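The structure displayed is predicted, hence computed values, not measured ones.
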Amino acid sequence: MKKITYICLSLILMSSAMIAQEQEANTPQKGHTNTNKFRQLYDEFSTPNMFRSASGAPGPAYYQQQADYKMDIVLDDKISRISGSETITYTNNSPDELKYLWVQLEQNKRAKDSKSPLIESSGVAPVMFPNAFTKEFMSEPLERGFNILEVKDINGKPLPHTINRTMMRVELPKPMKHGDKFSFSVKWWYNINDHVVEDGRSGYEYFPKDGNKAYVIAQFFPRMAVYSDVEGWQNSQFWGRDEFALPFGNYEVNITVPADHVLDGTGILTNRKEVYSKMMLERYETAKRTYDKPVLIVNQTEAESAEKGFSEETKTWKLKAENVRDFGFATSRKFILDMMAVKIGGKDVMAVSMYPKEGNPLWEEWSTRVVASTLESYSRMTFDYPYHKAISVHAKQQGMEYPMICWNYGRPDEDGTYSDRVKYGMMGVITHEVGHNFFPMIVNSDERQWTWMDEGLNTFVQYVAEQDFGEKYPSALSPQDKHFPSDRGPAKMIIPYMGGDQNFIAPIMTKGLNTYQFGNNAYGKPATALNILRETVMGRELFDYAFKEYANRWMFKHPTPEDFFRTMEDASAFDLDWYWRGWFYTTDWVDIGVKEVKKYFVSDEPNAYMRKYMEERGVKRNQLKPLVYLVEEGSEDFKEKMKTKSLLENSKPLQEYIMDNFTPEEQKSIKEPKYFYNVTFEKPGGLVMPIIVEYTYADGTSNQVTYPAQIWRFNDNEVSKAIASDKEIVSITVDPNEETADIDTSNNSWPQKIQQSDFDQFKEKIKG
């Protein structure tokens, strides 16, 4: 059987011209920077070294410091003051010699002489509420901030120290070499803030009806700063927004509070038998064996009775924690306490909630169940939760996290009723704050520098956990909701931000303090980027494997953004530099559309392009081997009869080629597409993304195709695809399921759909 190769000369010529244009468009000009969006991130990334490998894993010389604490804390409920005496033992595991230590004093952000209010631009508003006016113009700063009474070495000798706002430098008697330990003590006190009136990430809430306070206490003790291979000392000042960078260590903390308080915090309660009543102990033992519903350790009746007591006695609660980066606790005589067990990786973890009666009935019904479900979902996505408990504490206007404990908002009205918004808000914030146990309490990124590494990653997993919760507890959903109504994660929710005013948008890779629209930048956009990466670009299997690998590589360590980016590529075989650059290093947006669609039919006769080509070169038709010609519908060469004939009937050369080169059996399996289309896609937006296309046919069927993002590698403006189909295409839609955060869908369809204005939509709604 003879083999003959027929070349469609016109298509080759057209393709060659297009490639030449694309190469010219993307070739850097002399003196200009290469802006190809698929170039590698070598310019942005640090060079791999012995501390951090090119794969994204900790290197063979990776190290981290350790800070251990022993503390005696006293909380004076009458005057809302907390005082403490702590001993810090610092271990230098770095190869560097240290002449001094840096200690964080975040409470000084609230001091009378704090500079934090002065960095915010402000002006006179034409109208203000009386309370806001009074606070702004008629109030003196309150007595807040640390009062450092002494800093001494282990022998009681004073250590020279310098306080610079929220940082304290402690001079060492002699430099610390690798492997050295140094212990020193600090005594301090400060007046606790009312976090409802004064704001703040911790403090107390005052309940005027019964005269009690509920305390959620954190950043309450001088804490060691991080020293690492990346920045040396992380001693960036705390201005109030960017959170914390902390080393891991072991804690022994004794906390003295009024005897009628209920308290819990980071770590194992080592003297439970001393601080729990007999009834509480019995209920606790029951809770350890109960996996399906919370068990009340202190019920509402008992909490309401305690509200009236105001004991003059005190009680000391002793907590011990190993390998944690921080410590927090909550205490009040108002607290109801419940617990249930949840099985995580073959061991039992206690899901715990503490809340005043003002949180019921919502909190008693759902808080602890949300905690348990969150631990299950995050453990599936990362690693088995390693601690023995996770606590959710009810606190008005709060959403803040610490190892094993967090405070969360969501309060019903006084009559106990609550809206869907309050319910879902409470469930969402508990999921988010409990999730922070994983990022950054265990995967310990630098929150002061890279806010998105804890908030963004955590918000992404929060979305997964919320959907899990909705499936596990459908009774928690309102009748109109088929799924948990997450407010971040799905691509379409970030569109208003990404399509907004570029003067008020900053790249994700910006220090949190310096970003506009902090919530969108640090939470929403990175969470959406990861969700799109999982669902659309990589697929769940590859993404989940790589994400879990990152979490396991860096649990109880200090990762950087590069460690995350590199690990995600290393564990998946996906080159994602184009994705990190677009979503994290720029403020570009997604806008991909259908620019043009042309329909073609096969013909025996040369089309206009070929006739002109042959004429210009003096080529006669009989000098060419038989060719297959494609004629555009509506052109001068188009004949209506082409629509009615089959592919082989329209092209004798093609028919002869098939007959000569395929056996009768092979000919039966050959496709005979009748319709040929040239679809041109445009990209007005700067972000490179896959092109997700749905082709709908005349018979009502449809087919979805995803062209990888690499289709844009030679031309960042527009690309074309040749489509051969045995069915007529009647419509084409880009991103039909809203997967890519496309900010302008007016160009997403062919034929172009006429979009109604908001006013027209309103009129249609009124008519309906």
> With a distance cut-off below 6.0 Å to the six-membered ring centre and an angular limit of 45° from the axis, does Lys525 pair with Trp452 as a cation-pi contact?
Replying inline: no
Is the shortest distance from a Lys or Arg side-chain nitrogen in [X] or [Y] to a carboxylate oxygen in the other one below 4.0 Å?
| X | Y | answer |
| --- | --- | --- |
| Glu243 | Arg201 | yes |
| Glu44 | Arg581 | yes |
| Asp726 | Lys671 | no |

> Can you tell me how far the CD atom of Glu455 sits from the CD1 atom of Ile508, to the nearest 0.5 Å?
Replying inline: 13.0 Å
>> Quick one: does any side-chain atom of Asp501 pair with a main-chain N or O of Asn503 as donor and acceptor, under 3.5 Å?
In response: yes
>> Just by distance, no angles: are the side chains of Thr528 and Asn531 close enough, under 3.5 Å, to form a donor-acceptor pair?
In response: no
> Do the side-chain N and O atoms of Gln502 and Trp589 include a donor-acceptor pair separated by under 3.5 angstrom?
Replying inline: no
> Quick check, are the ring centers of Phe484 and Tyr424 under 6.0 angstrom apart?
Replying inline: yes
> So Tyr579 and Phe38, ring-ring contact (aromatic ring centres under 6.0 Å, His included) or not? Walk me through it.
Replying inline: CA-CA 9 Å; Tyr579 196 82; Phe38 288 89; over 10 Å; no
> Considering residues, nucleotides and ligands other than Lys293, do more than 12 of their heavy atoms fall under 6.0 Å from its NZ?
Replying inline: no
>> Measuring only between side-chain heavy atoms, which start at C-beta, is Pro690 closer than 4.5 Å to Val537?
In response: yes
> Only one of Val226, Asp326, Asn323, Ile442 forms a side chain to side chain contact (heavy atoms under 4.5 Å, CB included) with Phe248, so which one is it?
Replying inline: Asn323
